[in-house]
Amino acid sequence: MHPIGWDSFGLPAENAAIKRGADPRAWTYENIAQQLASMRRYACSFDWDRILHTSDPEYYRWNQWIFNRMHERGLAYRKPSLVNWCPSCQTVLANEQVVDGLCERCDSVVTKKKLTQWYFKTTDYADRLLDDMAQLEGKWPGKVLTMQRNWIGRSNGADVVFAIEGRAEPVTVYTTRPDTLYGATFFVVAADSDLAAELASGADEATQAAFADYVEAVRRVSEIDRLATDRPKTGVFLNRYAVNPVNDEQIPIYAADYVLPDYGHGAIMAVPAHDQRDLDFAKVFGLPVQVVVDVRGEDGEPLPDPGVTFEATAGDGVLVNSGPLDGLRKAEAIARIIEILGGKGLGKAATNYRLRDWLISRQRYWGTPIPIVYCDTCGEVRVPDKALPVELPPAAGLDMQPKGTSPLGGASDWVRVECPQCGGPATRDTDTMDTFVDSSWYFLRYTSIGRDDVPFDVAEVEKWLPVDQYVGGVTHAILHLLYSRFVTKVLFDMGMVSFTEPFTRLLNQGMVIMNGSAMSKSRGNLVRLSDQLVEHGVDAVRLTLVFAGPPEDDIDWADVSASGSARFLARAWRLSGDVTSPVGVEVSGGDPALRAATHRTVHEVAGLIESFRFNVAVARVMELVNAVRKVIDNPRPDGTGGGGDPAVREATEAVAIMLSLFAPYTAEDMWSRLGLEPCVSLAGWPVVDEALLVTETVTCVVQVAGKVRDRIEVPAGIGADELRELALARPAVQKALGEKGIRTVVVRQPRLVNVVPA
RNA sequence: GCCCCCGUAGCCCAAUGGCAGAGGCAGGCGCCUUAAAAGCGCUCCAGUGCGGGUUCGAGUCCCGCCGGGGGUACCA
């Protein structure tokens, strides 16, 4: 199955439509029609009966259906949170869509906004998303696996409970280094957390004012600046104290922006001696540095005091100044302190993740409506499955300009509905779903195009999936691939699919670039493939793309030659006109060398194609074409060779079949000129005669001290002893050895002998 | 800063630890042609980024550099 579809909802389509004053729907489908025509020109062999567009109501109703299932399971929920906001797109973004502090789509600087939004609970699946990657090891690019692992960012440590002076409730912090608890000299809460605000409100007026100023300053810092690690540490003392649970020491509480509100508990114990960030902060505020781990350098000498050097010692070592932990190494100390704290109810082992829940609401028009209505009496109510799809209202009459709230809010007739539960007045959710929801399960839908009773036929999915070979750009290393893996696992838990990973093997294909950089309209370095097509033909362009290099590499169009490809195709094509033997001629009498070359090539090319080494496969076919040409042009007196040699027909037919994968038009024409029918694409792969793969004699290289001194033609099945004797008897070997004796002789029959002199 | 990948001929790229070159592009010479193009034939071109190590033998494995690309970076 080789289906094709359009992930046709989303911002690019909507923004382009707004720019042109067009209806996003009309604009999108016109573009799809153009792209489809273009794909057909390129002779893409998709299964044109399995097409889908994610912006079709027949498709997106099932997004809503999946949303409902998530909602039933508590995997879709709303919460107020500080979210990523793109001021240009005027919508929220998922964490994954913020790249270096910039909007993934438009490169605007992302800001923060407190909003109540819909989330999918990806964090519930963090462990499985991480651990199931074992199935993908060796089948996905290691790079992608590493990126996903880092993104999920699991860390092991402990929760530790600190009492707060003047506050009834203690505060829990997460740390990966509970062993350094005795070295905690201050306490930091995230400046933009509720906890910080509360702690500040209990302080004196001057502190409150200072805190308010600081929070305001933090808000103004853009996401880009906040991410700069070399930024000096800032913060404000809250004039409050926490109590270290192991020694009852009072430590001052600061609010700072280097602690994040939504990781761990939004508060930390600061151990400046053994954490560089804490040390940087301590330096700015003149806070004490207490060494509790004796960390040694490579030379075994103790590393210098961090309090002096301001270089934190973060490594392993023996605990000191730490009461019951003294003398233990890091790992032992961690286990021991967790035990001690656990006994007092003041701490326990804990795991944390960098991964956040998936924010799926978007304040935009061109997407899947969220199937929820809000009722004054019933609250948040799911639109029943039988009432799906909740179709998008027509764009006509709506204000499509991004303004921070969904354009759907303007469709008053659409917004006002009856509550599905009580029949009372209710309003629809006016946000639409992130388009990554659309693409997170589309591969399942391909098995069941046209079904209007289920999102997909479970039996068909069982038959076809998981996807054997997925191909996509590395740009989706985290986004699409993580979301698809998540949704697949949810569907697995629902009993709808029997596998936990959607894509068995993954290939990251490269891009076509020009003169070293990505092509772009603004740079004006666009290679117009349509022009190339007119100039050299579809087959030549296709062949150029596969021959240029390994598929995962970028292709610099400046480095390759479509005219060279065209020339090769013409050379191959001419062979078919030079074959004079009839269809079905008995090949056994043909030129044996050419026959061997043909079968060897067919055999090798098959393996190369299966391992995606198309560039090498093409080179092998070129080689064979050259060999056939030689035989055709050199008829021999004994009647072999020339266009009438049956081996020439056999080879040329094989060339046509092999080329049909890359250059279908040329191959079909060759096939027809060879008198064959109906067409090469139905011909099937040539059967390899194993007997022709074995060669009778091979060239054995004879080395003396690793240097090639001679070559011998030997039978392929020659024995080691016989070959050794043969090699040692060679005059060239004797000459190279001279007076020296022989230390040892390495024999790798039948191809190599290496004589090692004494 | 940390992690990963890659450095082979003028260029793109091949080479289960075993003859560094399969294929192509570009260049040169020749044949064909009235001429040119196309085609055909021949040919030039590197010792594999640098320095060590392992091995009978290293482009390939290991260590350290240099260069290029990518990922990631206050996640406690």
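Naming: A, B, ... by sequence-line order, numbering from 1 per chain. The analysis underlying the following values was restricted to heavy atoms, covering all of them including side chains, and did not include hydrogens, waters or symmetry mates.
Here the nucleotide nearest the side chain of Arg354(A), chosen from U72(B), C56(B), G39(B), is U72(B). Here the nucleotide nearest the side chain of Arg571(A), chosen from C40(B), G23(B), G70(B), is C40(B).
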In B/S/- notation (B base, S sugar-phosphate only, - none; protein heavy atoms under 4.0 Å), nucleotides 9-16 of chain B written 5' to 3' is --SSSSS-
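For Arg567(A), a side-chain nitrogen or oxygen approaches OP1 or OP2 of G39(B) to under 4.0 Å. Phosphate proximity of A76(B) to Ser155(A): present, with a side-chain N or O under 4.0 Å from OP1 or OP2. Side-chain N/O atoms of Arg743(A) include none lying less than 4.0 angstrom from OP1 or OP2 on U55(B). Phosphate contact (OP1/OP2 of C3(B), side-chain N/O of Arg149(A), threshold under 4.0 Å): absent.
Base pairing of G7(B) is made with C66(B), judged by Watson-Crick or G-U wobble geometry with both donor-acceptor distances under 3.5 Å. Using Watson-Crick or G-U wobble geometry with both donor-acceptor distances under 3.5 Å, U72(B) finds its partner in G1(B). Pairing partner, G30(B): C40(B), with both Watson-Crick or wobble hydrogen-bond distances short of 3.5 Å. Under the Watson-Crick or G-U wobble criterion, with both distances below 3.5 Å, G57(B) is left unpaired in every strand shown.
Cation-pi contact between Arg673(A) and Trp573(A): present, with separation from the ring centre below 6.0 Å and deviation from the ring axis of at most 45°.
With sequence neighbours excluded, the residues satisfying salt bridge (Lys or Arg N to Asp or Glu O under 4.0 Å) with Asp316(A) are Arg329(A).
The CG-P distance, from Asn626(A) to G23(B), rounds to 7 Å in whole Å.
Comparing U8(B) with A20(B), their C1' atoms sit 8 Å apart, to the nearest whole Å.
When each of Phe310(A), Phe187(A), Tyr254(A) is tested with Phe281(A) by the rule ring-ring contact (aromatic ring centres under 6.0 Å, His included), just one qualifies, namely Tyr254(A).
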For nucleotides 58-63 of chain B, give me every protein contact, N/O to N/O, under 3.5 Å, one pair per line with atom names.
none

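Among the protein residues, Arg356(A) comes within range of the nucleic acid bases, having at least one heavy atom under 4.0 Å from a base atom.
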